[in-house]
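Here the structure is a predicted model, which is why all the values come from computation and not from measurement.
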Amino acid sequence: MDICKRIFGDEVKDLCSDKRKEERIVWLAVNAKYSHTSLAVRYLRACVPGSEVMELTINHLLLDALGEIYERQPRVLGIACYIWNIELVRKLLRLLPEALPQTIVICGGPEVSYDTAAFLQEFPMVDFVVRGEGEEAVPALIERLRAVNLDKARVREVSRQGLLPGVAMRREDGSIEESRAVTVADFSRVPFAYREEEMAPLKERILYYETSRGCPFSCAYCLSCATAGVRFLPLARVLRELDFFVRHDVRQVKFVDRTFNAKKSHFLPILQHILALSPTVRTNFHFEVAIDYLDEEVLATLAKMPRGRVQLEIGIQSTNEKTLAAVSRVNHWEQIAAHIRRILSFHNMHLHVDLIIGLPGEGMDSFRQSFNDVYALGADMLQLGFLKFLKGAAMMQLVEKYNYRYMPMAPYEVLSSDALTYREIRWFHSFEQVFEYYSNAGRCRHTAAYLVRTHEQGDAFRFWQTFTDWWEARGFHRLGHATKNLYGYLREFSTEQYAEDAQLIDSLLRFDALLADGGRIRPADLHWDRETHQDMTAPFWRSDRPRAYLPGFVFKNWRDLRGKYHIEFFPYDVRAMAAGKPAEARPVILLFDFTQADVTYQEIVL
């Protein structure tokens, strides 16, 4: 079938011959979300002058993605292959010979750097596979391809010049030269990936950046265990490049350094530089750190950061010491807990912590303890991930020992082990969904905390477990859910499971709803009282009294007011309950302010 004609029609049938006269080299990234950007393809663009970057997402329909690639008419198409996009990439590869039969195809990335010969055999349309880091291997390959005029019919002549480190290829006799994965020994030679002219459309997206490669640790589930040592960019260069992002008003720079704080003489000056930026800078810098290795000097620097300037991701994974030992990981739990609590007390940054479901020896009871240990710290987000069996990771050597079963296709997630049955793993997916909807999304946190405290004696896992069972019993795990409905579900669960007072729960849920999602969502099945008390609130807003609570307040119109402020009446002291105190039936009037990034509230008298 002629895919080109099917997509574009007969009127463009001569487009191929015209555009193939050009030397067009395109590096394709298929990102998980539109908000993401690809660092890898931008590195290759910088290493191969005249080449281009193209970004799609895994949400593209297959033929739409193929059509966009076809419009570029690449002479060479390089595709970055990762766990999140490999299934779509595999489908695209099977269609490329129909749409672009003369295009030379290069694949690279973690998903093809291992079992490379098998990949080349399965996908004969792929001409080369770059194994490992490509910043040196790819330019060398392109030089050889230019020597044969970027002619796909002559690609096997490339092998005549001998082995090309980091590049797997077919020899002229059809056999496969696998080569070997390579790293760039002198990391400082890797060019800066971003360009001035692309920053305006990119600045609202997440820009990925790295100052080091490698990791000082060797956790079995991580691909970083496949390389030894850590390589760093020169500090002066890093500071210049950070200023580049700030100058372009980038919303977020996400460092992909596996352990940002691997070397204090490298990372502390970076933090100090970020601290010294103007207070008006809005750029947020995201780091993944081993928080137990931070010292007093680093903590003091973090304490001074402007609110929102920095956020930290902390991979805890488990608190079971035997489980951690099985995957060659060491956690200093007392330091981890103390440092997280300390940083949270600064009230100036978002903390994101991780746990992994399915680690060796971590059954339901053990995970319950890990969850409760970490939940009690009160981080802004507790992300629950499922163990993955990545090609090249040492975890593959533990499959037989722990009787693991896992998905044979991406994302290679655990299905069962000697510690968890498939039934339990499947249930954990519902558990993760419920926890994501309510806790990680910042909704219903005070309501959940009250129920954990008063009905489960602090056992948070037991609360979320019971809620998940209730959720599944109603078939909610099979459905999508509007945010406005989530509050009603939790109220229904609370009154059914715990016989909780409906008015008290409704008060807490209204309080939570006003603090979440910028206060924009007012679930209809909660008992809102704006109209009931308009005879009290309307005169208040028209008077000078709001200035006692909101200095500089000026009444403009009701529409403007509703978007910025809200007064809500509660029959219970929800502020005290949010602080962990017992429920008290005391009428409270709260004024909510939505004009800042974080919603604030205060008690008022009308």
Side-chain angles (χ1 to χ4, degrees), residues 33 35-37 194 199-200 202-211 238-239 241-257 260-261 267-289 291 294 297-315 339-354 377-383 436 439-443 445-446 512 514-521 550-552 563-565 578 592-602:
K33 298 179 180 178
S35 60
H36 296 179
T37 53
Y194 295 93
M199 296 310 295
L202 286 184
K203 70 177 187 177
E204 297 301 330
R205 295 164 67 183
I206 300 171
L207 298 193
Y208 294 92
Y209 177 68
E210 61 181 346
T211 74
V238 170
L239 302 185
E241 291 170 354
L242 294 184
D243 288 342
F244 172 91
F245 293 125
V246 170
R247 187 170 72 251
H248 287 284
D249 194 33
V250 169
R251 178 172 64 88
Q252 184 179 60
V253 177
K254 191 166 186 177
F255 283 58
V256 295
D257 302 48
F260 173 66
N261 59 319
F267 79 83
L268 181 57
I270 295 174
L271 290 179
Q272 292 169 335
H273 184 79
I274 290 171
L275 173 61
L277 294 172
S278 166
T280 61
V281 168
R282 70 149 183 169
T283 305
N284 169 263
F285 299 91
H286 176 110
F287 308 103
E288 187 170 342
V289 299
I291 201 167
L294 302 183
E297 185 178 13
V298 176
L299 290 168
T301 302
L302 292 174
K304 299 173 187 174
M305 288 287 177
R307 185 174 178 82
R309 178 68 55 82
V310 162
Q311 67 184 50
L312 302 181
E313 182 173 350
I314 302 133
H339 287 173
I340 288 177
R341 292 191 180 100
R342 175 97 168 267
I343 292 173
L344 287 171
S345 74
F346 301 158
H347 301 292
N348 64 349
M349 69 185 69
H350 175 96
L351 283 192
H352 172 137
V353 297
D354 298 328
L377 299 177
D380 299 285
M381 176 176 287
L382 197 179
Q383 181 171 319
E436 194 70 25
S439 187
N440 283 343
R443 304 183 191 108
R445 284 193 167 188
H446 297 100
D512 274 328
L514 289 165
L515 293 178
D517 300 299
R520 296 183 302 274
I521 298 173
L550 302 168
K564 295 179 178 179
Y565 309 104
F592 292 81
D593 182 349
F594 308 122
T595 59
Q596 304 300 317
D598 295 319
V599 179
T600 60
Y601 60 90
Q602 56 187 307

Legend entry - Donor-acceptor under 3.5 Å (Asp249 side chain, Lys203 main chain):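 Side chain of Asp249 to backbone of Lys203, a donor-acceptor pair under 3.5 Å: no, none is there.
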
Legend entry - Donor-acceptor contact below 3.5 Å, side chain His350 vs main chain Gln311: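 Looks like no, no N/O pair under 3.5 Å.
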
Are any non-hydrogen side-chain atoms of [X] and [Y] less than 4.5 angstrom apart?
X	Y	answer
Arg251	Thr283	no
His286	Glu313	yes
Val289	Ile314	yes
Ile274	Met305	yes
Phe592	Gln602	no
Leu312	Leu302	yes
Phe285	Val246	yes

Inset, instruction - For the residue pair Tyr208 and His36, categorise the inter-ring angle as parallel (less than 30°), tilted (30 to 60°) or perpendicular (more than 60°). - result: perpendicular

I need the minimum non-hydrogen distance between [X] and [Y], along with the two atoms involved.
X	Y	value
His446	Ala578	CD2-CB, 3.3 Å
Leu344	Leu377	CD1-O, 3.1 Å
Ala516	Gly442	CB-O, 3.5 Å
Val599	Leu514	CG1-O, 3.6 Å
Leu275	Pro306	CD1-CD, 4.2 Å
Ser439	Arg445	O-NE, 2.9 Å

Legend entry - Arg443 with Asp517: basic N within carboxylate O range, under 4.0 Å: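 Yes, Arg443 and Asp517 are salt-bridged.
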
Legend entry - Test: Glu204 and Arg282 ion pair at under 4.0 Å: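 Yes, this pair counts.
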
Spatial distance of atom [atom1] ([X]) from atom [atom2] ([Y]) [nearest 0.5 Å]:
X	Y	atom1	atom2	answer
Ile270	Phe260	CD1	CZ	4.5 Å
Leu207	Tyr209	CG	OH	12.0 Å
His352	Phe287	NE2	CZ	15.5 Å
Asp593	Asp598	CG	CG	11.0 Å
Thr595	Leu550	OG1	CG	7.5 Å
Ile343	Leu351	CD1	CG	5.5 Å

Legend entry - Residues forming a ring-ring contact (aromatic ring centres under 6.0 Å, His included) with Tyr565, sequence neighbours excluded: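 Listed in chain order: Trp541, Phe553.
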
Legend entry - CA sep, side-chain torsions, deciding dist, call: Leu277, Arg309, side chain to side chain contact (heavy atoms under 4.5 Å, CB included): CA-CA 9 Å; Leu277 294 172; Arg309 178 68 55 82; 3.5 Å; yes

Inset, instruction - Establish, yes or no, whether a centroid distance under 6.0 Å links the rings of Tyr194 and Phe245. - result: yes

Inset, instruction - Verify whether one side chain among His273 and Asp243 offers a donor that lies under 3.5 Å from an acceptor in the other. - result: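 Distance-only check passes for His273 and Asp243.
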
